[in-house]
Amino acid sequence: TYDKVNSILSFGIDRSWRKRLLKSIPNKSNQFMLDIATGTGEVLIQALNSGKVNKAVGIDLAEKMLAIAENKQKKLNLNPKISFQKGNALNLDFKDNTFDCTSISFGIRNVQNVPLALKEMHRVLKPNGRSLILEFSLPKNYLLKQLHLIYLRTILPKVGALFSKSKQSYVYLNKTIETFPYGTAFLQLLSEAGFKSPKAFPLLGGIATLYQADKC
């Protein structure tokens with residue numbers, strides 16, 4: 001139910017957020033991309049359709065998620081171009097300077113050691129490579145922030161439980177969104193990981209943020 005529930009809870013806006021991430025992939029052809037916490041593989045599948053990426057790897061700790069991603073891969077005949085494998089963001093099983101682009105969508109707040117995960121993303125990037133991180137955040141506008149918090153604390157857990165049968169997962173989601181560093185605080189973490197001049201692009205008033213960070 002993962003893809004379906006994401007679409008319902010975001011009113012379908014999650015798709016436009018992922019498209020925004022894909023637009024930020026550098027305008028070069030034949031790039032090699034790594035997607036961390038890839039889930040059901042949506043980002044990588046769309047990345048291949050963008051024409052910028054011709055080879056990609058998706059990693060995740062959730063084997064059942066990867067099984068769904070592999071089924072999508074087979075249906076779309078993408079086997080030679082995409083590979084999915086079990087992997088940990090804190091210990092990426094790839095050599096230094098391997099990828100042109102790395103990404104993680106709505107997963108960085110779930111890792112146990114965020115600074116280490118960011119350093120690993122930096123390590124596996126080629127020089128001048130780019131990391132793209134899409135994550136939930138909180139709006140700066142006071143009224144919008146309060147309305148969003150009401151949604152996170154009351155509506156989201158109930159709707160999530162209705163469609164996924166796992167209310168606790170969406171209580172957890174709410175708590176992590178409210179406590180995870182975002183905006184300037186997250187840009188500081190990216191700088192400390194070695195990225196140069198990272199940028200933050202708030203989406204839908206700051207309900208989500210796309211972070212763009214390049215390797216020197």
Side-chain angles (χ1 to χ4, degrees), residues 10 13-29 31-39 42-44 46-47 50 52-53 56-60 87-141 144-145 148 173 176-216:
S10 70
I13 297 170
D14 62 311
R15 290 190 290 270
S16 67
W17 291 341
R18 289 186 174 89
K19 286 180 181 179
R20 179 66 178 81
L21 181 151
L22 296 172
K23 286 183 179 179
S24 297
I25 297 173
N27 287 314
K28 298 184 290 183
S29 59
Q31 294 185 80
F32 189 18
M33 182 173 177
L34 170 67
D35 188 42
I36 301 165
T38 195
E42 277 299 305
V43 167
L44 286 191
Q46 293 179 39
S50 73
K52 301 176 185 178
V53 176
V57 178
I59 68 166
D60 205 300
N88 191 331
L90 301 180
N91 184 22
L92 297 176
D93 191 20
F94 305 102
K95 294 181 180 179
D96 296 0
N97 308 317
T98 296
F99 298 96
D100 299 287
C101 184
T102 65
S103 64
I104 181 168
S105 300
F106 307 113
I108 191 65
R109 75 183 188 286
N110 295 323
V111 303
Q112 293 180 331
N113 187 331
V114 174
L116 177 57
L118 297 178
K119 288 178 181 177
E120 278 289 277
M121 293 178 73
H122 183 274
R123 178 184 66 79
V124 301
L125 271 179
K126 295 176 182 178
N128 300 313
R130 176 169 293 174
S131 283
L132 296 167
I133 300 169
L134 183 59
E135 190 51 83
F136 291 115
S137 50
L138 293 176
K140 288 185 178 180
N141 179 275
L144 182 58
K145 181 178 180 180
H148 187 49
L173 175 63
T176 56
I177 292 172
E178 290 192 43
T179 58
F180 192 74
Y182 63 94
T184 303
F186 193 76
L187 290 175
Q188 181 62 33
L189 292 176
L190 286 166
S191 295
E192 292 171 358
F195 291 100
K196 64 177 181 181
S197 303
K199 301 175 183 177
F201 301 97
L203 306 173
L204 200 64
I207 288 174
T209 301
L210 173 65
Y211 301 95
Q212 177 180 304
D214 296 340
K215 180 175 180 178
C216 296

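Predicted, not measured: the structure shown is a model, and the values here were computed from it.
Taking 4.5 Å as the limit, every side-chain heavy atom of Pro115 sits out of range of all side-chain heavy atoms of Glu192. No side-chain heavy atom of Val111 sits less than 4.5 Å from a side-chain heavy atom of Ile36. The closest side-chain heavy-atom distance from Ser131 to Leu125 is below 4.5 Å. Ile108 has its side chain out of reach of Tyr211: every pair of non-hydrogen atoms, C-beta onward, lies at least 4.5 Å apart. Between Thr38 and Val43, the closest side-chain pair of non-hydrogen atoms is not below 4.5 Å. Contact check for Phe32 versus Val57: side-chain heavy atoms found under the 4.5 Å cut-off. Leu44 has its side chain out of reach of Val53: every pair of non-hydrogen atoms, C-beta onward, lies at least 4.5 Å apart. The shortest distance between side-chain heavy atoms of Phe99 and Lys126 does not fall below 4.5 Å.
Annotation: the span from Asn88 atom CG to Ile59 atom CD1 amounts to 7.0 Å, rounded to 0.5 Å. One finds the OG1 atom of Thr209 at 10.5 Å from the CG atom of Leu204 (value rounded to the nearest 0.5 Å). A distance of 11.0 Å separates OG1 of Thr102 from CZ of Arg130, quoted to the nearest 0.5 Å. Put simply, CZ on Arg18 and CG on Leu210 are 12.5 Å apart, with the number rounded to the nearest 0.5 Å. Expressed to the nearest 0.5 Å, how far CG of Leu190 lies from CE of Met121 amounts to 8.5 Å.
At distances below 3.5 Å, not a single donor-acceptor pair connects side-chain atoms of Ser103 with backbone N or O atoms of Leu132. With hydrogens and angles disregarded, no donor-acceptor distance shorter than 3.5 Å links the side chain of Gln31 to the backbone of Cys101. At distances below 3.5 Å, at least one donor-acceptor pair connects side-chain atoms of Asp60 with backbone N or O atoms of Gly39.
By the side chain to side chain contact (heavy atoms under 4.5 Å, CB included) test, Asn110 is found to be paired with Tyr172, residues two or more places apart in sequence or in another chain being considered. By the salt bridge (Lys or Arg N to Asp or Glu O under 4.0 Å) test, Arg123 pairs with Asp96, Glu120, sequence neighbours left out. Under the rule for a salt bridge (Lys or Arg N to Asp or Glu O under 4.0 Å), Lys28 has no partner lying at least two apart in sequence or in another chain. Applying the side chain to side chain donor-acceptor pair (under 3.5 Å) test to Gln212 and every residue at least two apart in sequence or in another chain returns nothing. Listed by chain and number, the residues in a side chain to side chain donor-acceptor pair (under 3.5 Å) with Asn97 are Lys215 (sequence neighbours excluded). Taking Glu178 as the reference, Arg153 meet the salt bridge (Lys or Arg N to Asp or Glu O under 4.0 Å) condition, with sequence neighbours excluded.
For Asp93, the CG atom sits in a loose shell: 12 or fewer heavy atoms of surrounding residues, nucleotides or ligands are nearer than 6.0 Å. With a 6.0 Å radius and a threshold of 12 heavy atoms from other residues, nucleotides or ligands, Lys196 has its NZ atom above the threshold.
Between Phe106 and Trp17, the ring planes lie tilted relative to each other; the angle falls in the 30° to 60° range.
Residues Pro26 and Lys52 share a closest heavy-atom pair of O-CD, 3.5 Å. Between Ala47 and Ile25, the closest heavy-atom pair is CB-CD1, 4.3 Å. Of all non-hydrogen atoms in Gly107 and Ile104, the two that sit nearest each other are C-CD1, 3.6 Å. Val124 approaches Leu92 most closely through the heavy-atom pair CG2-CD1, 3.9 Å. The two residues Ala208 and Ser137 make their nearest non-hydrogen contact at C-OG, 3.3 Å.
No hydrogens or angles considered: a donor-acceptor pair under 3.5 Å links the side chains of Arg20 and Ser24.
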**Report entry** Worked verdict on Leu34 versus Thr98 for side chain to side chain contact (heavy atoms under 4.5 Å, CB included)
**Finding:** CA-CA 9 Å; Leu34 170 67; Thr98 296; over 6 Å; no
